[in-house]
Amino acid sequence: MAQYRASDSKREQFRRYLEKTGVVDSLTSVFVSLYEQQEKPANALEFVKQHLGAVGLTSADTETLQQEMNDLRQRCAHLEEENKDLKARLQQYEPASEDGGTAN
């Protein structure tokens with residue numbers, strides 16, 4: 001009986017660990033998403049892997065990609081603004097022709 005309680009205690013500690021680290025919430029979310037799918041995927045395990053992000057990326061990879069994406073978005077916004085400014089400057093030197101196009 002004592003071994004049963006020790007095993008039960010370890011199981012409870014492990015359950016608390018999974019809850020504390022967010023594993024239970026993540027798995028529950030994925031399972032709910034799978035349950036709510038109109039057409040169930042042929043490979044449920046692959047569905048779970050994809051939705052957990054377990055396709056070979058570590059959290060460091062994910063953070064690096066997130067940072068790169070943010071940097072690229074900022075660069076894109078900067079380039080769009082620069083493009084807008086250059087078009088406005090070009091319009092000063094090449095006014096639109098009568099048909100609405102720009103002069104060659």
Side-chain angles (χ1 to χ4, degrees):
M1 192 65 148
Q3 184 174 357
Y4 175 75
R5 287 187 180 163
S7 175
D8 199 32
S9 174
K10 286 183 180 180
R11 185 177 299 143
E12 183 63 25
Q13 287 175 347
F14 186 66
R15 184 189 61 77
R16 283 194 304 263
Y17 163 75
L18 292 176
E19 286 179 351
K20 180 181 173 185
T21 57
V23 173
V24 172
D25 290 337
S26 294
L27 287 173
T28 300
S29 175
V30 171
F31 289 147
V32 167
S33 178
L34 177 61
Y35 175 78
E36 292 174 345
Q37 292 291 310
Q38 293 296 324
E39 292 185 31
K40 302 297 183 228
N43 188 340
L45 182 58
E46 191 61 33
F47 177 89
V48 171
K49 285 180 181 179
Q50 288 176 350
H51 283 77
L52 281 176
V55 289
L57 293 178
T58 64
S59 62
D61 291 336
T62 303
E63 288 178 24
T64 301
L65 289 172
Q66 283 282 44
Q67 183 60 45
E68 183 179 351
M69 185 176 69
N70 289 337
D71 294 345
L72 290 171
R73 282 184 175 160
Q74 289 176 349
R75 182 173 179 218
C76 184
H78 173 75
L79 290 172
E80 286 174 344
E81 187 64 31
E82 183 180 1
N83 187 356
K84 180 180 168 185
D85 292 342
L86 290 172
K87 283 181 179 180
R89 287 177 50 196
L90 182 61
Q91 283 298 317
Q92 293 175 355
Y93 299 107
E94 295 182 10
S97 64
E98 292 180 17
D99 64 355
T102 57
N104 290 330

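Note that these values count all heavy atoms, side chains included, but never hydrogens, waters or copies made by symmetry. In this chain, residues are counted from 1 in sequence order.
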Verdict with reasoning, N43 to F47, per side chain to side chain contact (heavy atoms under 4.5 Å, CB included) = CA-CA 6 Å; N43 188 340; F47 177 89; over 6 Å; no
Any chance you could lay out the side chain to side chain donor-acceptor pair (under 3.5 Å) test for N70 and Q74, step after step, and finish with the verdict?
-> CA-CA 6 Å; N70 289 337; Q74 289 176 349; over 6 Å; no
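Put simply, CG on D8 and CZ on R15 are 10.0 Å apart, with the number rounded to the nearest 0.5 Å. Here the OG atom belonging to S26 is positioned 10.5 Å from the CG atom belonging to L18, to the nearest 0.5 angstrom. Distance CD/Q37 to NE2/H51: 6.0 Å, rounded to 0.5 Å. In this structure, CG on D85 lies 12.5 Å from CG on L90, to the nearest 0.5 angstrom. For the atom pair CD of E81 and CG of L86, the computed distance is 10.5 Å after rounding to the nearest 0.5 Å.
Heavy-atom neighbours of K20 NZ from other residues, nucleotides or ligands within 6.0 Å: at or below the threshold of 12.
For L52 against L27, the heavy-atom pair with the smallest separation is CD1-CD2, 3.9 Å.
Panel note: side chain T28, backbone V24; a donor-acceptor pair is recorded below 3.5 Å. For the pair S33 (side chain) and S29 (backbone), a donor-acceptor distance under 3.5 Å is absent.
A cation-pi arrangement is present between K40 and Y35 under the rule of less than 6.0 angstrom and at most 45 degrees off the ring axis.
Side-chain atoms of V23 and Y17, non-hydrogen and from C-beta on, never get closer than 4.5 Å to each other.
Cluster annotation: F31 is not connected to L45 through the hydrophobic network of ILVMFWY side chains, with a link wherever side-chain heavy atoms come within less than 4.5 Å.
Salt-bridge annotation for E80 and K84: absent, with no side-chain N of the basic residue lying under 4.0 Å from a carboxylate O of the acidic one.
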